[in-house]
Amino acid sequence: LAHYAAKIGDTKQLAIINERLNWVADVMLAPNGMYYHACNSREDVCTYHWTRAMGWYAMAMVDVMEVLPECYIEERKAALKLFADGMLKYQDESGLWANLADQPVTATNRLEVSGTAMMIYMMLKGVRKGWLNESYREPAIKAFNAIVNTKLHDNVLEDIYLKASANNTNKKIELPPNIPAVEYDFRTLKKSDLSLSEQVEMYKNAKETRKNIKTSKRENRTKNEFNR
């Protein structure tokens, strides 16, 4: 919707989209910098921090920022940094995030692929676009490498939650067993592809930078030889 509004020059719709992002931050942002899973109102909030649910919002944030007018970008950058910092507080030492990000890793609350892939996308795109500084690149790459090295076996991605259900009235959450094969959740293929696409962009930019440096050095050598 944001990209279509930008394409047709609908600044009113873009303003509404920015307002909606502000509403989510105002109502659903927890003190730890992460977002609550869901809400019906400010007073009726499901207080779990489900990594994949937050991942959908993380991807939306950076994709919308691509087309928002410049007048909104500084507040969006601040919101993005606050959220990225909140997620990094709970990044496991392996590089991955657990299904419930702020809860201990257990046999049921396992380190999860789909949500982690979305965080990689958010951080690498944020760095590439200049909305996050370079310090966010390293944890994102660490997460990507963790997926490849620990969750990809025989071309199958493992530890992808199909679903989780929460009842905030009695403070219980049901975590079904992990689905061990990617074909059960094709959405993860897209998330992994997007996180990989940001890796490709990073390497393309690095290659272009090296090329420009080489060109600059060659031009300087030519100029020095000419001056002699």
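Residues take their numbers from the sequence shown, with the count starting at 1.
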Shortest non-hydrogen contact from [X] toward [Y]:
{"X": "Gly33", "Y": "Leu29", "result": "O-CD1, 3.4 Å"}
{"X": "Pro139", "Y": "Gln91", "result": "O-NE2, 3.1 Å"}
{"X": "Ala146", "Y": "Ser94", "result": "CB-O, 3.2 Å"}
{"X": "Ala98", "Y": "Val105", "result": "CB-CG2, 4.2 Å"}
{"X": "Met118", "Y": "Gly55", "result": "CE-C, 3.3 Å"}
{"X": "Ala6", "Y": "Val67", "result": "CB-CB, 3.6 Å"}

Hey, does [Y] have a side-chain heavy atom less than 4.5 Å from the side chain of [X]?
{"X": "His37", "Y": "Met54", "result": "no"}
{"X": "Arg76", "Y": "Asn22", "result": "yes"}
{"X": "Leu100", "Y": "His49", "result": "no"}
{"X": "Leu111", "Y": "Asn99", "result": "no"}
{"X": "Met65", "Y": "Lys129", "result": "no"}
{"X": "Asp44", "Y": "Cys39", "result": "no"}

Quick one: [atom1] on [X] to [atom2] on [Y], what's the gap to the nearest 0.5 Å?
{"X": "Tyr72", "Y": "Ile17", "atom1": "OH", "atom2": "CD1", "value": "10.0 Å"}
{"X": "Leu80", "Y": "Met123", "atom1": "CG", "atom2": "CE", "value": "8.5 Å"}
{"X": "Leu132", "Y": "Lys125", "atom1": "CG", "atom2": "NZ", "value": "12.5 Å"}
{"X": "Lys142", "Y": "Ile120", "atom1": "NZ", "atom2": "CD1", "value": "12.5 Å"}
{"X": "Met61", "Y": "Leu21", "atom1": "CE", "atom2": "CG", "value": "7.0 Å"}
{"X": "Met87", "Y": "Leu82", "atom1": "CE", "atom2": "CG", "value": "12.5 Å"}

Quiz prompt | side-chain contact (heavy atoms from CB on, under 4.5 Å) evaluation trace for Glu112 with Lys151 | solution = CA-CA 9 Å; Glu112 205 270 340; Lys151 302 297 184 181; over 6 Å; no
Self-check item: Verdict with supporting geometry, Met59 and Met122, side-chain contact (heavy atoms from CB on, under 4.5 Å)
Solution: CA-CA 6 Å; Met59 295 172 70; Met122 177 262 288; 5.7 Å; no
Quiz item: Taking atom CD of Glu75 as the centre, does the number of heavy atoms from other residues, nucleotides or ligands within less than 6.0 Å exceed 12?
Solution: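 More than 12 within 6.0 Å, yes.
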Practice problem: Decide whether Leu1 and Ile16 are clustered together by the hydrophobic rule: side chain heavy atoms of Ile, Leu, Val, Met, Phe, Trp, Tyr closer than 4.5 Å, transitively. | Solution: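 No, no single cluster joins them.
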Quiz item: For Ile147 and Leu152, what are the C-alpha separation, side-chain angles and deciding distance, and is it a side-chain contact (heavy atoms from CB on, under 4.5 Å)?
Solution: CA-CA 6 Å; Ile147 290 178; Leu152 181 63; 5.5 Å; no
Quiz prompt | Residues Lys81, Asp85: salt bridge by 4.0 Å N-O rule | solution =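 Counted as a salt bridge, because a side-chain N and a carboxylate O are separated by less than 4.0 Å.
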Quiz prompt | Short N-O contact, Asp102 and Lys89, less than 4.0 angstrom | solution =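 The answer is no: the pair does not qualify as a salt bridge.
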Quiz item: Can you check side-chain contact (heavy atoms from CB on, under 4.5 Å) on Thr116 and Phe144, steps first, answer last?
Solution: CA-CA 8 Å; Thr116 294; Phe144 185 87; over 6 Å; no
Self-check item: Residue pairs passing the salt bridge (Lys or Arg N to Asp or Glu O under 4.0 Å) test where at least one lies in residues 10-31, sequence neighbours excluded
Solution: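 Sorted pair list: Asp26-Arg42.
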Practice problem: Enumerate the residue pairs fulfilling ring-ring contact (aromatic ring centres under 6.0 Å, His included) with a member in residues 82-110, sequence neighbours excluded, ordered by first and then second residue. | Solution: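 Pairs touching residues 82-110 that pass the test: Tyr35-Phe83.
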Self-check item: His3 side chain vs Asp63 backbone, donor-acceptor pair below 3.5 Å
Solution: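 Judged by distance alone, yes, a pair lies under 3.5 Å.
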